[in-house]
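We number each residue from 1, following the sequence as shown. These numbers come from the heavy atoms of this one structure, side chains and all, not from hydrogens, waters or symmetry mates. Note that the structure is a prediction, hence the values are computed from the model and not measured.
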Amino acid sequence: MHQILDAYENKKSFYLYTGRGPSSEAMHMGHLIPFIFTKWLQDVFDIPLVIQLTDDEKYLWKDLSLEDCQRFAVENAKDIIACGFDVNKTFIFSDLDYMGKSPGFYRNIVKVQKHVTFNQVKGIFGFTDSDCIGKISFPAIQAAPSFSTSFPHIFNGRADVQCLIPCAIDQDPYFRMTRDVAPRIGYPKPALLHSTFFPALQGAQTKMSSSDPNSSIFLTDTAKQIKNKINKHAFSGGKDTVEEHRQYGGNPDVDVSFMYLTFFLEDDEKLEKIRQDYASGALLTGELKKCLIETLQPMILAHQEQRKKVTEETVRQFMTPRKLDFNY
């Protein structure tokens, strides 16, 4: 990370790379976090961004048809574009589509494949002898966008442009492998910025699932659905009775409503006051949930309004390989 910031101070550019595995049409709030952060980074540093849609990965791992995976990629691209990315600075690509259009991308995949052994990927990802060979070779496909030569139309063939990857913590194994292999194939190591674990509504020990609509707040949810989900399903760190809660206070560290506010409430002072009031018992669980509802409802409504403006033509513009507004 310090190398990227040092390079930036010396007027050397870098680029951003993040992605999404399109396993369903609807994305949830947890999926949105890396994109909100990536948008902020792009605005602050004014740099190119590439976004990988791993429709090939979802075909290999899930019981989905290729056509479904490609369709989900387009639908997810609409949600990503609705975050406000600039079409002149952002390239979104589907693996199934881009692989055949970019020899540079495929060359980098093959370089990574040659320098990572089966034993290594078994150790990192837990592959077994019964996994299909597509899974075993896939990590190289996620690694390749970390290298600027995968995008000759953007970087004009340059191999020295450094990459910063904002991503969810569960993607770390892929990029540890990438950082290990990069110097051996003549590229700079990518830098990583992880977003912390985003819990399901039922608590930190449970997993969000696209097949369980009550496990998370989805970007397609109505204001009423958001309110009902949080009131009924958000795990509480409060006590069993109002009297106990007033006396002993709640535990914000396990309370899902508070955890969600740490991601989405912009005002740090207000967040700290909520933490103190909840821990002291001055703020009840119902009042804390109300704070979260009032934070998420306008945010999701605004996202839905932006998504309505994204047409098939808009998606095509973002996903067409082209020169961006940068000179390399």
Is it the case that the side chain of [X] and the backbone of [Y] share a donor-acceptor pair, with hydrogens and angles ignored and the cut-off at 3.5 Å?
X: Ser236; Y: Gly238; answer: yes
X: Arg322; Y: Thr320; answer: yes
X: Thr18; Y: Ile165; answer: no

If only side-chain N and O atoms count, and only distance matters, is there a donor-acceptor pair under 3.5 Å linking [Y] with [X]?
X: Ser94; Y: Asp55; value: yes
X: Ser65; Y: Tyr59; value: no
X: Gln276; Y: Glu272; value: yes
X: Asn108; Y: Thr149; value: yes
X: Thr90; Y: Gln42; value: yes
X: Ser146; Y: Tyr187; value: no
X: Asp180; Y: His115; value: no
X: Tyr278; Y: Thr285; value: yes

Side chain to side chain, [X] and [Y], heavy atoms closer than 4.5 Å:
X: Ile169; Y: Ser195; value: no
X: Leu164; Y: Tyr15; value: no
X: Leu16; Y: Pro48; value: no
X: Met29; Y: Phe218; value: no
X: Lys239; Y: Arg246; value: no
X: Met1; Y: Leu5; value: yes
X: Gln3; Y: Asp6; value: no
X: Arg179; Y: Lys189; value: yes

Q) Run the side-chain contact (heavy atoms from CB on, under 4.5 Å) check on Tyr17 and Phe175 step by step: do they pass? A) CA-CA 11 Å; Tyr17 158 40; Phe175 298 117; 3.7 Å; yes

Return the orientation label for the [X] and [Y] ring planes: parallel under 30°, perpendicular over 60°, tilted otherwise.
X: His31; Y: His28; value: parallel
X: Phe263; Y: Phe198; value: perpendicular
X: Phe264; Y: Tyr260; value: perpendicular
X: Tyr98; Y: Phe93; value: tilted

Under 4.0 Å between a Lys/Arg side-chain N and an Asp/Glu carboxylate O for Glu287 and Lys290?
no

_Heavy-atom closest pair, residues Ser23 and Asn76_ =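 Answer, listing the atom of Ser23 first, then Asn76: N-OD1, 4.5 Å.
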
Hydrophobic cluster identity match, Phe35 and Ile33, side-chain contacts under 4.5 Å
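Yes.
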
Show, in sequence, the C-alpha distance, side-chain angles and deciding distance for Leu49 and Ile92, and conclude whether the side-chain contact (heavy atoms from CB on, under 4.5 Å) test is met. CA-CA 8 Å; Leu49 163 65; Ile92 302 175; over 6 Å; no

Open item on the list: The test is salt bridge (Lys or Arg N to Asp or Glu O under 4.0 Å); show your working for Lys78 and Glu312 and say whether it passes.
Closed with: CA-CA 9 Å; Lys78 292 176 182 175; Glu312 297 293 329; 2.7 Å; yes

Start with the C-alpha gap between Glu25 and Arg71, add the side-chain angles, then the distance that decides, and say whether side-chain contact (heavy atoms from CB on, under 4.5 Å) holds. CA-CA 8 Å; Glu25 279 187 33; Arg71 181 168 56 82; 2.4 Å; yes

side-chain contact (heavy atoms from CB on, under 4.5 Å) assessment of Ile81 paired with Val87: CA-CA 9 Å; Ile81 292 165; Val87 70; over 6 Å; no

